[in-house]
Chemist: 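There's a structure below that I have some questions on.
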Amino acid sequence: TISTNLTGMMNTCATVLPYMDKQQMGKGGMIVNVTSVVGLDPSPVFCAYSASKFGVIGFTRSLADPLYYSQNGVAVMAVCCGPTKLFVDRKLTAFLSYGQSFADRLRSAPCQSPTVCAKNIVKAIECGENG
């Protein structure tokens with residue numbers, strides 16, 4: 001979870017930044033890191049997932065600091081998605097076994113479709129600013 005959600009995102013940013021950085025090869029631009037509402041508030045059920053998403057938000061906020069943006073012209077934002085139908089339809093396994101009943105109840109919780117989520121990400125990009 002940490003390797004995919006956090007380390008993978010950090011490696012991707014490190015790879016693309018030289019191509020975007022106005023002081024190097026680039027013309028500026030925007031990096032959008034997709035994260036989750038459980039990166040804003042702890043999830044006692046999905047502890048590792050929550051920790052990885054907290055990390056994405058912290059990294060994104062750090063990279064979006066005006067210190068970097070004023071130099072490289074690369075805006076950075078995090079979009080914190082809520083539960084999607086695709087996610088809750090999967091087998092959800094709680095970090096600790098006694099949280100599994102809560103994880104199972106998520107299947108009946110209100111959630112958005114992946115299409116709605118994608119449209120809102122596009123809207124955030126169109127309206128968004130650095131940070």
Side-chain angles (χ1 to χ4, degrees):
T1 299
I2 299 296
S3 293
T4 300
N5 293 345
L6 181 57
T7 307
M9 176 275 310
M10 292 170 71
N11 289 337
T12 300
C13 287
T15 299
V16 302
L17 270 170
Y19 296 97
M20 299 173 76
D21 188 329
K22 287 183 176 181
Q23 292 186 346
Q24 294 184 40
M25 305 178 232
K27 298 178 183 176
M30 177 177 280
I31 294 173
V32 180
N33 292 322
V34 179
T35 186
S36 170
V37 293
V38 299
L40 298 170
D41 290 315
S43 170
V45 177
F46 307 116
C47 301
Y49 181 78
S50 182
S52 72
K53 296 305 184 173
F54 266 88
V56 170
I57 292 170
F59 181 83
T60 301
R61 290 179 66 195
S62 297
L63 201 56
D65 190 278
L67 170 75
Y68 291 121
Y69 181 64
S70 65
Q71 300 293 314
N72 65 20
V74 179
V76 186
M77 77 162 49
V79 177
C80 301
C81 302
T84 62
K85 187 73 174 138
L86 185 63
F87 176 76
V88 298
D89 282 349
R90 295 173 46 196
K91 182 179 185 312
L92 304 175
T93 305
F95 185 73
L96 299 172
S97 61
Y98 40 86
Q100 191 59 44
S101 62
F102 178 83
D104 293 339
R105 285 195 311 264
L106 280 177
R107 293 195 195 300
S108 61
C111 57
Q112 63 190 338
S113 71
T115 302
V116 168
C117 184
K119 286 180 181 180
N120 286 322
I121 291 171
V122 170
K123 191 182 302 183
I125 292 168
E126 291 172 345
C127 301
E129 298 176 10
N130 184 48

Chemist: Just so I know, are the side chains of Val76 and Cys13 near enough to count as touching, which here means a heavy-atom distance under 4.5 Å?
Modeler: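 Val76 vs Cys13: side chains apart.
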Chemist: Tell me the closest heavy-atom pair linking Ile57 and Ser36, and the distance in Å.
Modeler: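 Scanning both residues, the minimum pair turns out to be CD1-O, 4.2 Å.
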Chemist: Would you check if Val56 and Ser52 make a side-chain contact, meaning some heavy-atom pair closer than 4.5 Å?
Modeler: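 In short, these two side chains do not touch, never coming nearer than 4.5 Å.
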Chemist: Side chains of Ile121 and Val34: does their closest heavy-atom pair fall under 4.5 Å?
Modeler: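 Yes - at least one pair of side-chain heavy atoms lies under 4.5 Å apart.
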Chemist: Does Val38 offer a backbone N or O that forms a donor-acceptor pair with the side chain of Ser50 under 3.5 Å?
Modeler: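 The answer is yes, because a donor-acceptor pair under 3.5 Å joins these two groups.
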Chemist: Report whether Val74 and Met9 are members of the same hydrophobic cluster (ILVMFWY, side-chain heavy atoms less than 4.5 Å apart, transitive linking).
Modeler: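 Linked, Val74 and Met9 end up in one cluster.
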Chemist: Heavy atoms, side chains only, cut-off 4.5 Å: are Met20 and Ile31 in contact?
Modeler: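 Touching, per the 4.5 Å side-chain cut-off.
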Chemist: CG/Asp41 to NZ/Lys53 distance, rounded to the nearest 0.5 angstrom?
Modeler: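 Taking CG in Asp41 and NZ in Lys53, the distance rounds to 15.5 Å.
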Chemist: About how many Å separate CG of Asp65 and OG1 of Thr60, when rounded to the nearest 0.5 Å?
Modeler: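 It is 12.5 Å, given to the nearest 0.5 Å.
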Chemist: Look at the side-chain heavy atoms of Ile, Leu, Val, Met, Phe, Trp and Tyr, link any pair under 4.5 Å apart, and say whether Tyr19 and Tyr68 land in one connected group.
Modeler: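 Different clusters.
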Chemist: Output the distance between atom NZ (Lys27) and atom CE (Met25), rounded to the nearest 0.5 Å.
Modeler: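 Here the interatomic distance stands at 13.5 Å.
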Chemist: Treating Asn130 as the side-chain partner and Ala64 as the backbone partner, does any N or O pair qualify as donor plus acceptor under 3.5 Å?
Modeler: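 Yes; at least one donor-acceptor contact below 3.5 Å.
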Chemist: Within a strict 4.5 Å, meaning less than it, do heavy atoms of the Asn120 and Cys81 side chains meet?
Modeler: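 No, too far: nothing below the 4.5 Å cut-off.
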Chemist: Heavy atoms only: give me the nearest Ile2-Ala48 pair and the separation to one decimal.
Modeler: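 Smallest interatomic distance, heavy atoms only, reads CD1-O, 4.0 Å.
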Chemist: Are the side chain of Gln71 and the backbone N or O of Gln23 linked by a donor-acceptor pair below 3.5 Å?
Modeler: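 Answer holds: no.
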Chemist: Nearest 0.5 Å, what's the CG-CG distance between Asn33 and Leu6?
Modeler: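 Those atoms lie 10.0 Å apart.
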Chemist: Does atom CZ of Phe59 have more than 12 heavy-atom neighbours from other groups under 6.0 Å away?
Modeler: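 Yes, the 6.0 Å shell around CZ holds more than 12 heavy atoms from other groups.
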Chemist: Would you indicate whether the side-chain heavy atoms of Leu63 and Leu17 approach each other to under 4.5 Å?
Modeler: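 They are in contact (side-chain heavy atoms under 4.5 Å apart), so the answer is yes.
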Chemist: Can you tell me if Gln24 has over 12 outside heavy atoms packed within less than 6.0 Å of its CD?
Modeler: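 Counting neighbours around CD of Gln24, more than 12 heavy atoms of other residues, nucleotides or ligands fall under 6.0 Å, so yes.
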Chemist: I want to check something: taking the side chain as every heavy atom from C-beta on, are Phe54 and Pro42 in contact at a cut-off of under 4.5 Å?
Modeler: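 Of all side-chain heavy-atom pairs linking Pro42 with Phe54, at least one is under 4.5 Å.
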Chemist: In the single-linkage hydrophobic clustering (I, L, V, M, F, W, Y; side-chain heavy atoms under 4.5 Å), do Val79 and Met30 co-cluster?
Modeler: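 Same cluster: Val79 reaches Met30 through Ile, Leu, Val, Met, Phe, Trp or Tyr contacts under 4.5 Å.
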